[in-house]
Amino acid sequence: MRRSPIGMIHALLLVAWALALALWRPAPAHNDEAYVLWAIRTHDLPGLIATGLRLDGQPPLYPLLLWGIQHFPPFRPVPMLYFASLLVAFPFYPLMFRLACSLGGERAGMLLLALLAFNPFLAGLMMFLRAYPLTLMLSALTLWLVARAGRRPTLARGLAWGLAGLALLFTFYYGIFLIAATFVWLLQQPVEDRRWRAAWLGAALPGLAGALWAYFALAPAVAIVIRHQGNPGIHPSPLEMIGNLWLTLWSGWAADARFAVAAGSAMLLILAWALIPAVCRGLPAPGFLLLTGGLPLAGFLLVGWRYNFFAARYAAVAMPPLLLALALILARSPHRVRALAVGCAGLIGLIGLSRTILAYTALPENNPWYAEVVTALLERVAPGEVVVVQAPWHYQALLMYAPDAPWRLFDLNEEARWREALRDRPVVWLLGVPAYRGNWEVLDRALAGWIRTVEKEWPAPADAALVRYVPPPEAPSWQSLSVLFEDGLALEAAALDLQGPPGILRVGLRLRATAPISQPYTLFVHLLDPAGRWITGNDAEPPIPTTAMKPGVPITSWRVLQVPTWLPAGTYPVTAGVYPTGSNGWPRLRTQTGEDVVRLGTASIVPRPAWLDSRDGWRCGDLTLKRLVMLRRTSYRQEGPDIFPEPGRPDRLWVQAIWRVEGAGAEPPEMMVETDSGFQKLARQAPLALDLRYAIGETATGVWEGEISPDLRTRYLIVQCPGGKAEIPAFTLSRQRWRWNYSWVFWNRMP
């Protein structure tokens with residue numbers, strides 16, 4: 001047989017790698033990928049394994065591998081972690097080529113490379129920051145090693161096959177079906193002592209280690225699957241699962257369903273046409289193909305049917321033998337059929353791959369309101385502060401939008417870990433689910449006596465609440481006031497604690513009712529600028545409502561004022577007052593001297609610490625821009641469980657900038673975005689009337705917002721600074737532009 005040109009083989013390998021790299025993107029982690037990032041970045045090695053057992057239920061090898069990789073500085077950013085995961089998977093292509101060549105010759109190897117190179121489903125799995133890239137590579141390695149052991153069984157080859165199977169099992173539990181299939185094939189007739197010894201030696205490694213691991217991990221893993229999929233909303237039959245898998249295999253997961261059905265039907269007809277002459281000419285190693293392809297596929301169908309827990313990517317271990325079988329069939333078919341099959345698969349694959357690349361630029365969230373939740377934290381939480389998160393889906397939101405935020409992030413269930421962090425007495429934030437408020441008690445008990453403030457709440461479907469806990473001052477200094485308001489409410493003393501966390505002002509108030517009070521009142525504490533303009537405040541009823549206060553019995557109320565990040569250091573007045581609850585602040589009660597506000601004193605404010613990236617940043621006139629975060633938020637509506645973009649509503653751009661001042665008296669920068677139709681200025685969130693100037697070396701933060709038509713794409717963020725400007729690429733698309741067609745055989749949101 002004429003040997004295939006080595007250049008063609010290398011060209012197909014390069015195409016396969018290049019098309020997989022086309023999906024490498026500087027994008028935030030999505031869904032389960034966000035969980036992986038959180039796990040590897042917030043845990044030590046024992047904690048990573050324990051957390052995986054409790055929350056994820058997946059084998060540990062892939063997160064352990066990423067945990068080690070992310071300790072190397074070049075691989076710390078999220079895009080580089082994607083790249084590292086992709087590099088680990090790249091041997092999949094040459095391994096599959098060698099396997100096909102060993103069974104069916106170089107023609108089969110070339111055909112298999114052609115099918116693999118343009119396959120959007122495999123390329124998508126390669127760039128999924130879960131165990132699937134490593135699973136594909138280890139599945140190919142297991143198949144290749146067992147084929148070598150079958151041709152010449154030795155203990156060394158059996159040991160190599162067993163080690164590959166062991167790694168596969170500890171990467172993806174479905175690998176047990178491929179290991180079992182290769183073990184049965186290795187014991188085929190004729191019975192040879194060497195073959196049996198190699199087979200049992202290789203099977204013993206994953207078998208014994210898997211049994212030991214299952215003793216600790218299998219029950220939690222099954223419990224997690226049952227808990228997460230108790231009512232999944234989809235109940236596919238095996239036939240539906242096969243249909244979905246076949247369509248996704250050729251078109252990827254982002255193509256329109258009608259195109260996928262047409263493409264999958266065409267490939268089915270072509271391969272059926274190729275099967276008849278291939279069978280007549282004799283397929284090589286039919287038992288190997290039947291076992292290694294059939295048993296993993298049957299296991300995939302059985303588990304998906306039993307637990308109603310299905311996605312096409314769960315069949316990753318069945319994909320290598322399935323595609324190998326298709327390549328061997330084509331290698332035995334007529335030349336015209338081979339050319340038609342490869343050409344059709346390549347064309348369909350390029351279309352599906354292009355849709356996947358486009359889709360990754362506007363990947364839909366599980367819940368579009370999560371962007372609102374994340375911006376609230378980005379505006380409030382300072383580096384080093386503790387964020388305790390109750391729901392796993394909120395982890396996804398935080399890590400999708402702010403993967404590198406220097407929060408000390410904890411699961412509410414990780415009580416020992418977040419209790420250890422409380423020894424530093426930092427500001428603590430709880431991102432909780434109001435529907436499960438009872439689970440907050442463990443944190444409330446741990447922080448008993450701390451100043452608790454509900455900062456913000458979001459209704460369903462966001463279903464989130466942001467609660468801040470600030471440690472109380474250890475030795476407050478009280479100043480007597482003796483202020484009597486109308487209706488018998490007296491303010492006896494106040495304490496301005498200036499030793500709290502940076503940017504946090506704790507204000508204590510001692511109140512007393514001089515007579516029964518019949519109306520509820522709200523007590524406000526405001527921070528003003530030197531000209532008397534409002535900067536921030538805290539309005540709330542006293543801990544005991546005024547209607548329940550007993551005359552002559554004093555009560556103490558502690559308030560927390562969180563200084564805006566844009567406020568320069570300086571001395572600012574603090575005032576207090578009273579107004580009827582529900583009156584929106586007016587009219588205010590007057591004191592015995594006729595004033596409607598009481599001056600509590602002045603506070604020396606230290607700005608909130610800003611987040612600084614390790615990179616040098618962008619020089620912009622008298623400023624150095626250290627960090628820029630830009631989010632595009634789309635207006636959505638909800639009908640039952642479904643979420644839809646609001647037609648005709650503009651998108652909202654939210655930009656957070658952090659800069660260091662290099663020139664004396666520098667003002668904050670101005671922001672605008674370049675769109676497809678021109679330039680659009682963004683409004684600064686700080687009051688525009690304030691004359692803000694910063695000292696040299698000072699770090700400051702600002703937030704800008706604006707509206708943009710869903711039809712427009714942003715291209716660059718233009719930052720106009722004192723003495724210069726900077727243009728930073730900021731490519732965003734409206735999620736309203738994308739019509740996601742999920743009308744597959746059943747609801748299938750991801751492959």
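One-based numbering along the sequence shown. We use all heavy atoms of the structure for the numbers below, so side chains are in, but hydrogens, waters and symmetry mates are not.
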One thing to verify: whether [Y] and [X] come together as a salt bridge, which I'm taking to mean a side-chain N less than 4.0 angstrom from a carboxylate O.
| X | Y | result |
| --- | --- | --- |
| E455 | R380 | yes |
| R633 | D651 | no |
| K456 | E372 | no |
| R660 | E662 | yes |

Could you check whether any side-chain heavy atom of [X] comes within less than 4.5 Å of a side-chain heavy atom of [Y], counting everything from C-beta outward?
| X | Y | value |
| --- | --- | --- |
| L628 | Q656 | no |
| E705 | R652 | no |
| V563 | I504 | no |
| I708 | P650 | no |
| W659 | V661 | yes |
| W418 | L443 | yes |
| W450 | V470 | no |
| L377 | W407 | yes |

Does one side chain, of [X] or [Y], offer a donor that lies under 3.5 Å from an acceptor on the other?
| X | Y | value |
| --- | --- | --- |
| E727 | W618 | no |
| T732 | T714 | yes |
| R468 | Q562 | yes |
| Y579 | D539 | yes |
| R559 | T453 | no |
| E541 | T522 | no |
| Q685 | E379 | yes |

Show, in sequence, the C-alpha distance, side-chain angles and deciding distance for Y694 and L623, and conclude whether the side chain to side chain contact (heavy atoms under 4.5 Å, CB included) test is met. CA-CA 10 Å; Y694 300 92; L623 308 178; over 6 Å; no
Salt bridge (Lys or Arg N to Asp or Glu O under 4.0 Å) partners of D411, counting only residues at least two apart: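 Listed in chain order: nothing, the list is empty.
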List the steps, then state whether side chain to side chain contact (heavy atoms under 4.5 Å, CB included) holds for L505 with Y572. CA-CA 11 Å; L505 176 63; Y572 299 89; over 6 Å; no
Enter the distance from [X]:[atom1] to [Y]:[atom2] here, rounded to the nearest 0.5 Å.
| X | Y | atom1 | atom2 | result |
| --- | --- | --- | --- | --- |
| M671 | M630 | CE | CE | 10.0 Å |
| C721 | E667 | SG | CD | 11.5 Å |
| L682 | L717 | CG | CG | 7.0 Å |
| L66 | L37 | CG | CG | 8.0 Å |
| Y62 | R130 | OH | CZ | 9.0 Å |
| L527 | I605 | CG | CD1 | 5.0 Å |

Any idea which heavy atoms bring [X] and [Y] closest together, and the distance?
| X | Y | value |
| --- | --- | --- |
| I718 | F679 | CD1-CE2, 3.8 Å |
| V467 | R452 | CG1-CG, 3.8 Å |
| I451 | P473 | CD1-CD, 4.5 Å |
| V507 | L600 | CG1-CD1, 3.9 Å |
| L422 | A446 | CD1-CB, 4.4 Å |
| L409 | R417 | O-NH1, 4.3 Å |

Check residues 424-432 and write down every donor-acceptor pair under 3.5 Å in which the side-chain atom is one partner and the other belongs to a residue at least two apart or another chain.
unit_1, atom_1, unit_2, atom_2, d
D424, OD2, R408, NH2, 3.4
R425, NH2, P472, O, 3.4
W429, NE1, E385, OE1, 2.9

S85 side chain vs L81 backbone, donor-acceptor pair below 3.5 Å: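 The answer is no, because no donor-acceptor pair under 3.5 Å joins these two groups.
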Under 3.5 Å donor-acceptor, Q390 side chain and N439 backbone: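 Checking the backbone N and O of N439 against the side chain of Q390, no donor-acceptor pair under 3.5 Å is found.
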Quick one: do L412 and V389 satisfy side chain to side chain contact (heavy atoms under 4.5 Å, CB included)? Show the steps, please. CA-CA 6 Å; L412 182 60; V389 183; over 6 Å; no
Chi angles and distances behind the side chain to side chain contact (heavy atoms under 4.5 Å, CB included) call for F75, M80: CA-CA 5 Å; F75 293 101; M80 292 306 296; 4.0 Å; yes
P564: partners by side chain to side chain contact (heavy atoms under 4.5 Å, CB included), with sequence neighbours left out: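 With sequence neighbours excluded, P564 shows a side chain to side chain contact (heavy atoms under 4.5 Å, CB included) to I535, T536, W566, given in chain and number order.
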